[in-house]
Each structure stands twice: as structure tokens, then as C-alpha cells.
Amino acid sequence: MTTPTKPSDTDPGRARARWIFWAFAAVALLLLVLEHRAHVLGWWLHALLGLCIVLLYLLVRFQGDGARKSGPR
């Protein structure tokens, strides 16, 4: 008669290694998503950045014109 053996998947050392692997995989997936989320927006992100630059230019230009008109006479 043979003695029953424990399956290798229930070994505590292998279970810990499996948890560590899945923890690293989860962190890697999170970093991958966070790093590449800008690419999901595509050209909209570039358009938004361009709009911000144009608005800043207009703000500085019109604010400068107001300061020149209200200067000493």
C-alpha cells in the first residue's frame, strides 16, 4: 500500500511565491496603466496643451494692453 502524498500546489513555500508573483504582477500592471494613460487621450491631450498656450498668450497680451492704456498721462 502506498502512502498518500500532499499535492505540490499546497506547499506553503510555493503558495508564498505565488502570492509574491501576483503582487508584483499587479504593481507592474498598475504602473503600466498609469504610465500610458496619456496615450489613451491621443491628440486631445496635444490640443488641450495648445489651447492652454493660446489662452495664456491672449491673457498676457490683453493684460499688457490694459496696463499701457491706464499709465500716467
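Just so you know, residue 1 is the first one in the sequence shown, and it goes up from there.
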| Among all residues two or more places apart in sequence or in another chain, which pass the ring pair (Phe, Tyr, Trp, His ring centres under 6.0 Å) test with W43? | H46

| task | Answer with yes or no whether the hydrophobic clustering places V54 together with F62; edges join I, L, V, M, F, W, Y residues whose side-chain heavy atoms lie under 4.5 Å apart. | result | yes

| remark: To the nearest 0.5 Å, atom CG of L29 lies from atom CG of L34 at 9.5 Å

| query | Looking at CD1 of I53 and CG of L48, how far apart are the two atoms once the value is rounded to the nearest 0.5 Å? | reply | 10.0 Å

| From L56 atom CG to R61 atom CZ, the distance as rounded to the nearest 0.5 Å | 13.5 Å

| task | Using side chain to side chain contact (heavy atoms under 4.5 Å, CB included) as the criterion, list what pairs up with W19, not counting sequence neighbours. | result | none

